[in-house]
Amino acid sequence: MQTHPREDPVVITDQRPWGSFERFTLNESSTVKLIYVQPGERLSLQRHESRDELWVALDPGAIFEVAGRRIEPEVGERVFIRAGDTHRLSSAGPAIRIMEIAFGHFDEDDIERLEDHYGRS
């Protein structure tokens, strides 16, 4: 697997009179996705060679498996996944959503599936 010298992304919070915002990227190559997982379902255990990912839990009930660790994130919790790390997203019961920000070259064909409940290779 390719290694990246990338630092963990710095999320900037800016306070405004009306509230605040969080900036996840600034003028860099990135891809942003919202991922929806049906109740009790899970994605394949996978890894990528060409991109790092930042996952942000949007709903309760998400389970992140990253590099052998099981994480049950709070809403808003962030987990950084380095290129080459194994990872899987699943639902502990309810339908869940996460925001995924990918850093580096994004290509859906860069998925190496190690385990898959749906028989995909």
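For reference, positions follow the sequence shown, starting with 1. Quantities reported herein were computed from a predicted structural model and do not represent experimental measurements.
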Nearest-0.5 Å distance, CD of residue Glu100 to CZ of residue Phe106
6.0 Å
Test of understanding: clusters of I, L, V, M, F, W, Y form through side-chain heavy atoms closer than 4.5 Å, transitively. Do Phe103 and Val11 belong to the same one?
yes
Verify side-chain contact (heavy atoms from CB on, under 4.5 Å) between Asp14 and Arg23, making sure each step is shown before the conclusion.
CA-CA 8 Å; Asp14 197 344; Arg23 185 183 71 220; over 6 Å; no
According to the interplanar angle, ranging from 0 to 90°, do the rings of His87 and Trp55 count as parallel (below 30°), tilted (30 to 60°) or perpendicular (above 60°)?
perpendicular
Decide yes or no for Glu112 and Glu49: does some side-chain heavy atom of the first lie under 4.5 Å from some side-chain heavy atom of the second?
no
Ignoring hydrogens and angles, tell me if any N or O in the side chain of Ser91 forms a donor-acceptor pair with the backbone of Gly40 under 3.5 Å.
yes
Are side-chain heavy atoms of Phe64 and Leu89 found at a separation under 4.5 Å?
yes
So Leu34 and Leu58, do their side chains get closer than 4.5 Å, heavy atoms only?
yes
How many angstroms lie between atom NE2 of His117 and atom CG of Leu45, to the nearest 0.5 angstrom?
14.0 Å
Find out if a path of hydrophobic residues (ILVMFWY) with successive side-chain heavy-atom gaps under 4.5 Å connects Leu43 to Ile71.
yes
Any chain of hydrophobic side-chain contacts (each under 4.5 Å) joining Ile81 to Ile96?
yes
What's the shortest heavy-atom distance between Leu54 and Pro9, and which atoms?
CD2-CG, 4.1 Å
Smallest separation among heavy atoms of Asp109 and Asp107, with atom names
N-OD1, 2.8 Å
Determine whether the side chains of Glu28 and Ser30 contain a donor N or O and an acceptor N or O closer than 3.5 Å.
no
Going by heavy atoms in the side chains, are Arg51 and Asp110 under 4.5 Å from each other?
yes
For Ser20 and Thr13, which heavy atoms make the closest approach, and how far apart are they?
CB-CG2, 4.4 Å
CD1/Ile12 to CD/Glu22 distance, rounded to the nearest 0.5 angstrom?
10.5 Å
Taking all atoms of both residues into account, what is the closest heavy-atom pair of Pro39 and Ala95, and its distance?
CG-N, 3.7 Å
In the structure I gave you, are the side-chain heavy atoms of His48 and Ile111 within less than 4.5 Å of one another anywhere?
yes
Would you name the heavy atoms of Arg42 and Tyr118 that are closest together and state the gap between them?
O-CE1, 3.3 Å
Could you see if Val66 belongs to whatever hydrophobic cluster contains Ile63? Use Ile, Leu, Val, Met, Phe, Trp, Tyr and a side-chain cutoff under 4.5 Å.
no
With a cut-off of 6.0 Å (strictly less than), are more than 12 heavy atoms of other residues, nucleotides or ligands near CZ of Arg70?
no
Pairing of Glu115 and Arg88 as salt bridge, 4.0 angstrom limit:
yes
So, do Val32 and Phe24 sit near enough that their side-chain heavy atoms are less than 4.5 Å apart?
no
Could you tell me whether the side chain of Asp85 and the main chain of Arg82 form a donor-acceptor pair under 3.5 Å?
yes
More than 12 heavy atoms of other groups within 6.0 Å of Arg120 CZ:
yes
Give a yes or no on whether Met99 and Phe80 share a hydrophobic cluster (residues Ile, Leu, Val, Met, Phe, Trp, Tyr; joining criterion: side-chain heavy atoms under 4.5 Å apart).
yes
